[in-house]
Structure formats: structure tokens, C-alpha cells
S.K.: 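For reference, the structure I am asking about is given below.
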Amino acid sequence: MKIAKPIHFNFQACLDFLNRGYDECLYSVNESVVRRLIRVTSGLVLIEISSDSVNINVSAHRIVSKTDEKEIISYVMDWFDVERDMTEFYALMKKHQQTKDFPIQYQGLRLMGIVDLFEALCWCVIGQQINLTFAHKIKTRLVNKYGESIKVDGQKYHVFPTPHSLLNVNKEDLVAMQFSKQKINYIHNISQAFCNNELNKNDLLKLTKPQQMDKLLAIKGIGPWTANYVSMKSLRDMTCIAYGDTGLSLSLHQVFNTERKPDKNTIDKVFKPFAGWESYLNFYLWKTLS
DNA sequence: AACCAGGTTATGC
DNA sequence: GCATAACATGGT
């Protein structure tokens, strides 16, 4: 399968982001290739994504139908945000002193998404108030125990657990994995919302932004930061700003010379010229930290 | 050794 | 309404 690369798309830059030094259990990056197990209607498929000068190339580990192919392509396009025309964003960054080098430094880096909304929400809860190394550690324990997997060439690949599988976990097992009781409850709440069909990505995408926020914030464990983060990474809203995020605060301080912990007003002022591209500016600012 | 991490909710004034 | 504690543990 092939996807034509649009302008302002740098596959290697995207891969470097995926491979930025954390132990990631849901995909593996090897130099110029990323492999990941995904779920399509017909079942699980291991896909391998690489790139040449004109295309993104996607292959599957087994025979797939035309319908499967469509779902796989759609997954990759979503994950790598392939369809977005970045021209305007790049022009905006060049126009402003503080960001004028970004188009060269981060050329073609796309806002890498989390296609599965359930995974995105759980990941936020897992990462709440702990360092990312530890967050990856406990996520790996969760995925290894409850996520479906297949073995290809002696290598095991996992998908993120389903809401049903996490709804039925033994809480003591999660304690043993070093989840806090609070995180365990939050993950339970989110699983329940998906199982009761109070929450699913397709329906959420049909709502307006404020309606989406209300739906998300109604669940105990999802606060403003998380609602915003999944809005950016999964629902693909382009106007998200991670207010109060420690990383964003630090990068704003370094790049825009704001105070160490800028208030909402200050942040809005910085983002104002990038209206419509807030999520991308936020993402690139995070990138300046690594 | 203390302080903080991709936060959120419960509680107290 | 706003400040503060509790959560759990590893990294720096």
C-alpha cells in the first residue's frame, strides 16, 4: 500500500518523535521503519510503515482484503496526520521571530496522534503527575497483561486493551503493577463509559467542541488537561492549548521569554497569531524540550 | 535529599 | 470561589 507524501511531510522527523527515548510497548521503531499491531474489522494486523522519496509505504504481515486495506490506510493517515495542509502554519512560524527557525528545525514533523480514543484517555490517566519513564513502565505492564497480542517472527506485538477487558480487571493486579488506587478508579470510570456507550470516538466527532468537552469532563478522572490533550491527539482539534501543562510552561518561558508559569492570559497572547494552529504550535513547543 | 513529574478530585475555609 | 492535601513512585 502506498500513500503519496504531501509537502511539509518528513517521515524521518515523525519517526524520531515516536522514538524519542521512552520504552514504548505499542510500536517499535527500527531506524527507518515503524511496526505496530492494529485492530481492523477482520481482526489484528501487524503493519510496517516506511517511506521513500515520494511515498509512505505500508505493508501488512498477512493477506488483507480491500476493506482491510482501506482501514489500514485510514489508520496511518490519522496517526501521521497526513492529510493536513501545513503551508499556512509554516508561513506563520516564519513570520514570527521566536519561531522562525522551527520550519527548518522541525521540518515536516506532523502532530503524531493517538488514533484510539480509549487508549488516549487511559494514557493521560496513567501519565498524570508521574514522570514519563515510570508512566511507560506501568503502561507496559497493563498492555502485556490485558492487551491482545500476536507473535510474528518470534516477536510479540500488542494492541491496547479494550474497555471491556479493563472493566473486568482485578484491581489488586493493578495495584501490583504500581497503579495508584486513584488511577485504577479513573481507568475503571473511563472503561465503563465506553462499555455503556456513553463515549465513543465517532459520536464525539459529530459534536461541537464545547459538547465534546462536557462529555469528557463528566467522567471522574478526566480533567481539563486530559480533555484538551485527547482533543488534540485523538479528535484532531487544531485549536488546543495545554494550559497549566508543565512542559508547555517551560517551553513558553524558553522560547517566548514568558514567566516561568505563565497565566492563561499570557499564553493566549502568545498563541493569538497562530489561531487555527494552536495544537501544532503547542506540539512544536513540546518538541523544543526534547 | 528534597522536589517534581504530560493532573484530578475531595475537602476545608 | 480558591487554596491545599492526597495519590504513588521514580528521576534528577
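The chains referred to below are lettered A, B, ... by the order of the sequence lines, with proteins before strands, and numbering in each begins at 1. Side chains are part of it too, since the values below use all heavy atoms of this structure and drop only hydrogens, waters and symmetry mates.
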S.K.: Are the side chain of A/K201 and the backbone of A/S234 linked by a donor-acceptor contact shorter than 3.5 Å?
M.R.: yes

S.K.: If we ignore angles and hydrogens, is there a donor and acceptor under 3.5 Å between the side chains of A/D16 and A/N19?
M.R.: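 No.
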
S.K.: What base-paired stems does DNA chain B take part in, with at least 3 consecutive Watson-Crick or G-U wobble pairs and both distances under 3.5 Å?
M.R.: B:2-5 with C:9-12, B:7-13 with C:1-7

S.K.: Does A/L207 belong to the same Ile/Leu/Val/Met/Phe/Trp/Tyr cluster as A/M238, with side-chain heavy atoms less than 4.5 Å apart forming each link?
M.R.: yes

S.K.: Among all residues two or more places apart in sequence or in another chain, which pass the side chain to side chain contact (heavy atoms under 4.5 Å, CB included) test with A/V159?
M.R.: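 For A/V159 the side chain to side chain contact (heavy atoms under 4.5 Å, CB included) partners, ignoring immediate neighbours, are A/L37, A/R39, A/L44, A/E148.
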
S.K.: When you check the side-chain N and O atoms of A/N228 and A/S231, is any donor under 3.5 Å from an acceptor?
M.R.: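 Short answer, no.
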
S.K.: Identify every side-chain donor-acceptor pair in residues 280-290 of chain A under 3.5 Å, counting partners at least two apart or on other chains, and give the distances.
M.R.:
{"from": "A/Y280", "atom 1": "OH", "to": "A/D81", "atom 2": "OD2", "distance (Å)": "2.6"}
{"from": "A/Y280", "atom 1": "OH", "to": "A/L111", "atom 2": "N", "distance (Å)": "2.9"}
{"from": "A/N282", "atom 1": "OD1", "to": "A/A242", "atom 2": "N", "distance (Å)": "2.8"}
{"from": "A/Y284", "atom 1": "OH", "to": "A/Y90", "atom 2": "OH", "distance (Å)": "2.7"}
{"from": "A/Y284", "atom 1": "OH", "to": "A/Y106", "atom 2": "O", "distance (Å)": "3.4"}
{"from": "A/Y284", "atom 1": "OH", "to": "A/L109", "atom 2": "O", "distance (Å)": "2.6"}
{"from": "A/W286", "atom 1": "NE1", "to": "A/D245", "atom 2": "OD2", "distance (Å)": "2.8"}
{"from": "A/T288", "atom 1": "OG1", "to": "A/L285", "atom 2": "O", "distance (Å)": "2.5"}
{"from": "A/S290", "atom 1": "OG", "to": "A/K287", "atom 2": "O", "distance (Å)": "3.2"}

S.K.: Scan side-chain atoms only and decide if A/T246 and A/S249 contain a donor-acceptor pair under the 3.5 Å cut-off.
M.R.: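 Side chains of A/T246 and A/S249: no pair found under 3.5 Å.
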
S.K.: Going by atom types only, do A/K171 and A/N185 share a side-chain donor-acceptor pair under 3.5 Å?
M.R.: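 Checked: A/K171/A/N185 side chains pair up, N/O donor to acceptor below 3.5 Å.
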
S.K.: Under a 3.5 Å threshold, yes or no: a donor from one side chain and an acceptor from the other, between A/Q254 and A/S251?
M.R.: no

S.K.: Set out, in order, the CA-CA distance, both residues' side-chain angles and the distance that settles salt bridge (Lys or Arg N to Asp or Glu O under 4.0 Å) for A/K137 and A/D23, then state yes or no.
M.R.: CA-CA 7 Å; A/K137 217 180 268 181; A/D23 252 343; over 6 Å; no

S.K.: Sort me out a list of protein N/O and nucleotides 3-6 of chain C N/O pairs below 3.5 Å, or just none if empty.
M.R.:
none

S.K.: State whether A/K209 and A/D237 are salt-bridged, where the test is any N-O pair (Lys NZ or Arg NE/NH1/NH2 against Asp/Glu carboxylate O) under 4.0 Å.
M.R.: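 Result for this pair is yes, salt bridge flagged.
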
S.K.: Is a side-chain donor or acceptor of A/D68 paired with a backbone partner of A/S65 at a separation under 3.5 angstrom?
M.R.: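 Yes; judged by distance alone, with no hydrogens or angles, the pair exists.
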
S.K.: Just how far, in rounded Å, is P of C/dC2 from CG of A/D263?
M.R.: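 From A/D263 CG to C/dC2 P: 14 Å.
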
S.K.: Distance between the P atoms of B/dA1 and C/dC7, in whole angstroms?
M.R.: 23 Å

S.K.: When the aromatic ring centroids of A/F89 and A/H8 are compared, is their separation below 6.0 Å?
M.R.: no

S.K.: Taking atom C1' in both B/dA5 and C/dC2, compute the distance separating them and give it to the nearest angstrom.
M.R.: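 So the two C1' atoms sit 24 Å from each other.
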
S.K.: Hey, can you pull the residues of residues 236-253 of chain A with a non-hydrogen atom under 4.0 angstrom from DNA chain B?
M.R.: A/D245, A/T246

S.K.: What class does the angle between the rings of A/F118 and A/F160 fall in, given that below 30° is parallel, 30 to 60° is tilted and above 60° is perpendicular?
M.R.: perpendicular

S.K.: Mind running a 4.0 Å heavy-atom check of residues 134-142 of chain A against DNA chain C and sending the residues that fall below it, in number order?
M.R.: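 A/F134, A/K137 - these, ordered by number, are the residues of the stretch whose heavy atoms sit under 4.0 Å from the strand.
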
S.K.: Only one of A/F11, A/F9, A/F17 forms a side chain to side chain contact (heavy atoms under 4.5 Å, CB included) with A/R110, so which one is it?
M.R.: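 Single side chain to side chain contact (heavy atoms under 4.5 Å, CB included) partner of A/R110 among A/F11, A/F9, A/F17: A/F9.
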
S.K.: Would you jot down, in residue-number order, the residues of residues 214-225 of chain A having a non-hydrogen atom under 4.0 Å from DNA chain B?
M.R.: A/I219, A/K220, A/G221, A/I222, A/G223, A/P224, A/W225

S.K.: Does a side-chain N-to-carboxylate-O contact under 4.0 Å join A/K264 and A/D268?
M.R.: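 Looking at A/D268 together with A/K264, the answer is yes, because their closest N to O distance falls below 4.0 Å.
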
S.K.: Is it true that A/E198 and A/K215 have a side-chain N and a carboxylate O under 4.0 angstrom from each other?
M.R.: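 A salt bridge is absent here (no side-chain N lies under 4.0 Å from a carboxylate O).
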
S.K.: Go through DNA chain B in 5' to 3' direction and return only the first and the last nucleotide with some atom under 4.0 Å of chain A's heavy atoms.
M.R.: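 For DNA chain B, the relevant span reads B/dA5 to B/dA10.
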
S.K.: For a side chain to side chain donor-acceptor pair (under 3.5 Å) with A/E48, tell me which candidate from A/H61, A/R35, A/R36 qualifies.
M.R.: A/R35

S.K.: Among all residues two or more places apart in sequence or in another chain, which pass the side chain to side chain contact (heavy atoms under 4.5 Å, CB included) test with A/S50?
M.R.: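 With neighbours one apart ignored, the set is A/V33, A/N57.
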
S.K.: A/Q178 CD to C/dC7 C1': how many Å, rounded?
M.R.: 14 Å

S.K.: Name the residue closer to the 5' end of DNA chain B, choosing between A/Y229 and A/Y186 according to the nucleotide with the nearest heavy atom.
M.R.: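 Final value for this comparison: A/Y229.
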
S.K.: Counting only non-hydrogen atoms, which of residues 265-290 of chain A are less than 4.0 Å from DNA chain C?
M.R.: none

S.K.: Nearest-nucleotide wise, let me know which of A/T133 and A/Q128 is further upstream toward the 5' end of DNA chain C.
M.R.: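 Per heavy-atom nearest nucleotide, the more 5' residue is A/Q128.
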
S.K.: With sequence neighbours excluded, what pairs up with A/N131 under the side-chain hydrogen bond (donor to acceptor under 3.5 Å, both in side chains) test?
M.R.: none

S.K.: Tell me every residue that passes side chain to side chain contact (heavy atoms under 4.5 Å, CB included) with A/V270, counting only those two or more places apart in sequence or in another chain.
M.R.: A/L252, A/F256, A/T258

S.K.: Can you check the distance between C/dA3 and B/dG6, where both ends of the measurement are the P atom (answer in whole Å)?
M.R.: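 Result for the P pair: 24 Å, nearest Å.
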
